[in-house]
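Convention: sequence-line order gives letters A, B, ...; per-chain numbering from 1. Basis for what follows: all heavy atoms, side chains included, without hydrogens, waters or symmetry-related copies. Quick caveat: nothing in here was measured; it's all calculated off a predicted structure.
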Amino acid sequence: MPVYSEKVMEHFMNPRNVGEIENPDGVGEVGNPVCGDMMTFYIKVKDNRLEDVKFKTFGCGAAIAVSSMVSEMAKGKTLDEAMKITPRAVADELKGLPKQKFHCSNLGAQALNKAIKDYLDKKKGGGKK
Amino acid sequence: MPVYSEKVMEHFMNPRNVGEIENPDGVGEVGNPVCGDMMTFYIKVKDNRLEDVKFKTFGCGAAIAVSSMVSEMAKGKTLDEAMKITPRAVADELKGLPKQKFHCSNLGAQALNKAIKDYLDKKKGGGKK
Amino acid sequence: MRKVYLDNAATTPLLPEVREAMLPFLGEDFGNPSCLHSWGDVAREAMEDARNQVAQLIAADAEEIIFTASGTESNNFAVKGLALAQQNKGKHVVVSAIEHFSVLHSAKTLEKWGFELSLIPVDKYGMVSPDDVRKNLRKDTVLVSIMHANGEVGTIEPIKEIAKIAKEKGVVFHTDAVAVAGTAPVDVKELGIDALSLAGNQFYGPKGVGALWVRKGVRIIPFLDGGVQEGGRRAGTENVPAIVGLGKAAELAKANMASRTEHLTRLRNRLLTELPSKIKHVVVTGHPQDRLPGHASFCVEFIEGEAMLMLLNSQGVAVTSGSACTSRALKASHVLIAMGLSHALAQGSLLFSFGLDNTSQDIDYVLEVLAPVVDRLRQMSPLYAKFTKTSKGG
Amino acid sequence: MRKVYLDNAATTPLLPEVREAMLPFLGEDFGNPSCLHSWGDVAREAMEDARNQVAQLIAADAEEIIFTASGTESNNFAVKGLALAQQNKGKHVVVSAIEHFSVLHSAKTLEKWGFELSLIPVDKYGMVSPDDVRKNLRKDTVLVSIMHANGEVGTIEPIKEIAKIAKEKGVVFHTDAVAVAGTAPVDVKELGIDALSLAGNQFYGPKGVGALWVRKGVRIIPFLDGGVQEGGRRAGTENVPAIVGLGKAAELAKANMASRTEHLTRLRNRLLTELPSKIKHVVVTGHPQDRLPGHASFCVEFIEGEAMLMLLNSQGVAVTSGSACTSRALKASHVLIAMGLSHALAQGSLLFSFGLDNTSQDIDYVLEVLAPVVDRLRQMSPLYAKFTKTSKGG
Ligand SMILES: Cc1ncc(COP(=O)(O)O)c(C=O)c1O
Ligand SMILES: Cc1ncc(COP(=O)(O)O)c(C=O)c1O
């Protein structure tokens with residue numbers, strides 16, 4: 001399907017890291033069905049690194065491929081490194097996205113970021129307690 | 001050529017009565033190159049009848065076919081009868097004319113009429129003298 | 001892998017007879033119908049034959065048919081041309097909320113040109129109420145355009161009743177019959193309408209050709225300015241091969257309408273019944289009875305349409321989601337939203353449109369491959385996860 | 001009877017390679033390019049290949065090409081769409097007096113919408129003077145549209161010079177290259193223009209397809225409202241077979257341009273020289289050198305064009321008089337009148353447009369059959385009678 005790159009198709013057909021993490025260290029949910037896509041990222045953090053990343057996504061082929069790609073890129077990275085994953089970088093790793101699907105890569109990066117912030121917030125909160 | 005009826009084509013390909021009459025009893029010229037068609041009718045009158053009718057025409061296929069048909073319809077008729085040849089009658093005899101060519105049948109009837117009037121005017125003038 | 005084409009609402013294949021009819025005009029009969037020589041004659045005669053065939057399909061007079069290049073062009077021409085022709089009388093137009101974008105956006109363009117626009121709502125089946133049309137007619141209303149049937153949900157609108165109301169008020173009535181003409185019987189006199197759009201590629205004719213029928217005596221401003229083709233109403237060298245193909249397709253459609261309808265209705269009824277019983281949380285969209293013969297449309301809860309299409313495609317099944325022509329746009333179908341569906345549900349729309357070649361085995365195959373596709377995407381869906389948690393919890 | 005087609009300006013036959021390229025898309029590759037399944041993919045890929053081929057013909061970028069259904073549509077789209085996109089900047093447009101009606105009447109429609117229109121005159125060869133364009137540019141001028149070559153008299157206009165003047169003043173420049181693209185080399189960057197129209201059936205491609213090239217960054221308002229095809233700039237299901245044919249025709253035109261030009265120029269030069277020497281009172285119309293390769297046009301004094309066409313047709317020769325697309329209209333060609341010809345002379349216009357299949361023997365035959373045709377009509381013509389009397393008398 002040439003609207004999508006082979007790489008997008010490959011991640012769509014065989015998405016990595018689908019699912020939820022029980023007792024996650026952070027959760028990030030972005031989007032909603034009105035805009036057409038919705039992603040929830042779950043992370044497990046160990047030694048300031050993303051030990052595990054999982055996601056659930058409601059959305060088009062690009063949204064699913066992006067989620068898979070973000071999870072793969074993020075896994076094993078430090079929190080700082082993971083926060084620096086840009087939509088551009090995700091799209092590039094996927095060998096490009098159609099113009100009208102670019103917002104999906106924004107969502108993917110945002111969801112990951114949100115999960116990490118959730119973790120950091122909780123930690124801060126936990127620290128206070 | 002189906003824009004024109006077979007009858008139109010037949011008169012166009014083999015127009016009757018083309019030419020001039022030397023010393024005609026009446027001449028009628030109508031139209032001009034700006035409007036696209038120009039017809040000159042020449043008549044010879046004997047015993048109030050059109051003994052001979054000839055024409056010259058500059059114009060499209062319809063103009064030539066109409067001229068031919070008018071000349072044929074008029075020949076042998078009394079002046080009164082000939083004056084009553086309507087554009088409609090000419091078009092009907094030709095088995096129809098395309099809408100945008102209808103003005104040609106007007107011209108044909110007009111040219112004949114004008115030639116007859118020319119004859120009548122001359123006669124009146126001659127009578128006065 | 002089995003290949004099953006179930007996207008006939010997007011475009012149909014050419015029938016072999018249609019292609020055969022076209023071929024000479026892609027060969028030695030290549031003339032321009034405007035030309036006054038034998039090449040032109042051959043082209044012109046073929047075009048006029050096609051005009052007759054199209055006229056007969058909708059019980060119109062041949063001289064009332066204007067050939068265009070698509071259903072979209074017919075709709076642009078009708079909506080803009082009929083409104084502009086009457087702008088001295090008034091500047092208010094009425095269309096339904098579920099029109100194809102070629103009508104809806106043309107009406108929006110009229111708004112930019114100073115017209116006022118009223119959108120008629122629809123019920124949950126996508127049905128326009130004639131009474132709603134009546135209520136929206138004003139002294140300055142010059143055009144009502146309501147589609148004959150909707151290509152996304154298949155619902156057939158009460159055109160005859162609406163046309164009657166328009167006529168009572170002296171308002172010109174156009175219908176976009178792109179999804180109907182050639183598929184179900186259309187009689188413009190019986191319907192009492194003023195203008196109608198149709199397109200060749202909806203009934204086994206070629207792409208790149210459509211027609212607008214305008215009742216004799218109804219004024220329309222040309223959309224394409226230029227030469228005097230089509231009686232001065234539509235300029236541009238005519239697409240003779242496509243026009244000839246449209247004519248042939250119209251002839252075949254008229255001749256075989258009853259048997260086609262029977263075949264298509266049987267298939268779609270089976271799918272309308274079996275799919276929701278086989279897969280949970282699926283709703284039928286559009287009217288349960290008053291719908292196009294080959295048309296079965298659904299919304300699958302908790303998942304999104306494009307992802308379903310892609311997985312179905314990987315199994316050889318071609319279907320569509322949302323409107324065929326806009327399936328690459330981002331938003332949920334304006335049709336489903338107008339019918340009151342939630343955005344989440346509307347995102348999961350799935351449209352199966354049967355054609356002459358489809359069989360009951362195709363339905364078996366679809367039912368077989370669709371269930372795991374839906375399941376797989378639901379396993380990925382955060383909406384489904386929430387739903388199962390809530391229902392367990394509840 | 002010998003059959004000689006010399007009306008390639010009206011439309012050309014399909015090249016066999018073009019037809020071959022189209023056939024699969026009239027068969028199993030019938031998909032709609034907007035659809036997200038393998039049928040759609042095949043159609044979309046073919047369409048994008050064609051876009052590349054067309055882009056290469058005019059040295060443009062593929063994404064700047066918008067497919068349309070005709071040269072007429074491209075011109076309507078360009079003139080209306082480019083002007084409307086800038087109406088906040090100004091409402092003055094400039095076109096030449098000899099534009100094809102699809103440009104001229106589009107400009108007249110703009111007048112109805114509140115724009116002002118300046119018509120640039122031409123000299124006796126049908127040539128626009130760049131200086132005249134310069135003089136007509138105003139602060140509120142938003143569009144200049146001057147044709148690349150005129151289809152009736154063959155004259156090639158100084159587009160590069162005119163485009164330069166428009167650019168200096170910051171005015172968008174469109175050219176109707178329908179008669180040129182695919183026939184003579186066109187390089188949009190070298191020409192320095194903003195938009196260009198072309199049509200398939202002018203260079204052995206199909207009818208029912210054209211293209212508008214719009215330089216990246218130049219705004220245009222869509223002409224056909226509806227779906228999001230062609231990047232949202234031109235709605236409607238794409239005519240895939242015709243688009244594929246256009247692409248193939250473009251590829252072949254580019255590859256064979258030099259040899260085609262040589263062949264056509266030889267033929268037309270022979271006719272331009274021999275016809276006026278063989279038949280008295282015939283004038284060449286259009287520019288003696290700066291003209292389309294296969295194009296030989298004349299006016300025959302004292303007689304009318306249609307009658308000539310019909311008699312030539314009865315001898316198997318297909319030619320045209322006035323503009324191909326308007327030869328069934330009544331009036332004398334606006335092009336010839338703008339060039340200063342009298343109405344009487346303009347009525348006798350005759351256009352021979354050569355194609356790849358024509359030979360020198362075709363010219364022998366035409367010269368043989370034309371003389372008696374002219375003679376016969378002159379014998380019927382009151383204008384000729386007057387002329388001979390006057391010259392005898394004089
Ligand atoms: C109801 C309706 N109208 C108009 C159209 C537009 O047709 P096209 O895209 O072929 O121009 C469609 C296309 O599917 C349609 O379903
Ligand atoms: C210069 C020019 N522009 C535009 C056109 C219009 O092309 P079409 O009638 O194929 O739409 C023609 C047709 O011959 C032409 O010669």
Q: With a 4.5 angstrom heavy-atom cut-off, could you sort out which part of D/Val240 is near chain C: side chain, backbone, both or neither?
A: both
Q.
At a heavy-atom distance under 4.5 Å, which candidate from C/Leu312, C/Asp29, C/Asn239 has the highest pair count against chain D?
A. C/Asn239
**Q.** Pairs of heavy atoms under 4.5 Å with chain C: top-ranked of D/Pro241, D/Ala235, D/Ala242, D/Ser70
**A.** D/Ala235
Q) Is there a side chain to side chain contact (heavy atoms under 4.5 Å, CB included) between D/Phe101 and C/Asp225 once you walk through the steps? A) CA-CA 7 Å; D/Phe101 283 144; C/Asp225 294 318; over 6 Å; no
Q.
Donor-acceptor check, side chain of C/Asn32 to backbone of D/Ala10, threshold 3.5 angstrom: yes or no?
A. yes
Q. Distance from D/Leu36 atom CG to C/Met308 atom CE, nearest 0.5 Å?
A. 12.5 Å
Q: Measure distances from C/Lys80 to the heavy atoms of chain D and classify the residue's part below 4.5 Å as side chain, backbone, both or neither.
A: side chain
Q. Taking the side chain as C-beta and beyond, is there a heavy-atom pair between C/Ile221 and D/Thr109 under 4.5 Å?
A. no
Q | Option that, when pairs with chain D are counted at under 4.5 Å, heavy atom only, ranks first among C/Gly208, C/Gly71, C/Gly245 | A | C/Gly208
Q: Using the side chain to side chain contact (heavy atoms under 4.5 Å, CB included) rule, take D/Phe30 and C/Lys207 through it: C-alpha gap first, then chi angles, then the decisive distance, then the call.
A: CA-CA 9 Å; D/Phe30 64 86; C/Lys207 294 181 187 60; 4.3 Å; yes
Q. Would you say C/Ser38 and D/Lys3 make side-chain contact, with heavy atoms under 4.5 Å?
A. yes
Q. Roughly how far, to the nearest 0.5 Å, is the CG atom of D/Asp41 from the CG atom of C/Asn313?
A. 6.0 Å
Q. Highest number of heavy-atom pairs under 4.5 Å with chain C: which of D/Ser106, D/Pro16, D/Ala69?
A. D/Ser106
**Q.** D/Glu28, CD: over 12 other non-hydrogen atoms inside 6.0 angstrom
**A.** no
**Q.** C/Arg19 CZ to D/Leu23 CG distance, which is reported to the nearest 0.5 Å
**A.** 8.5 Å
Q. Where does the angle between the aromatic ring planes of C/Tyr5 and D/His37 fall among parallel (under 30°), tilted (30 to 60°) and perpendicular (over 60°)?
A. perpendicular
Q. When heavy-atom pairs shorter than 4.5 Å are enumerated against chain D, which of C/Gly40, C/Gly236, C/Pro13, C/Gly31 gives the highest number?
A. C/Pro13
Q: With side chain to side chain contact (heavy atoms under 4.5 Å, CB included) as the test, would you mind laying out the steps for D/Asn201 and C/Thr237 before giving the verdict?
A: CA-CA 9 Å; D/Asn201 71 322; C/Thr237 302; 3.7 Å; yes
Q: Pick one of side chain, backbone, both or neither for C/Asn75, based on which atoms fall under 4.5 Å of a heavy atom in chain D.
A: neither
**Q.** C/Val79 versus chain D, the contacting section by heavy-atom distance below 4.5 Å
**A.** neither
Q: Check whether D/Phe223 gets within reach of chain C through its side chain, its backbone, both or neither, counting any heavy atom under 4.5 Å.
A: both
**Q.** Under 4.5 Å from a heavy atom of chain C, the part of D/Thr12 involved
**A.** backbone
Q | Top of C/Pro222, C/Ser102, C/Ser314 for chain D proximity - count of heavy-atom pairs under 4.5 angstrom | A | C/Ser102
Q) Where the side chain of D/Asn76 meets the backbone of C/Leu224, is there a donor-acceptor pair that is under 3.5 Å apart? A) no
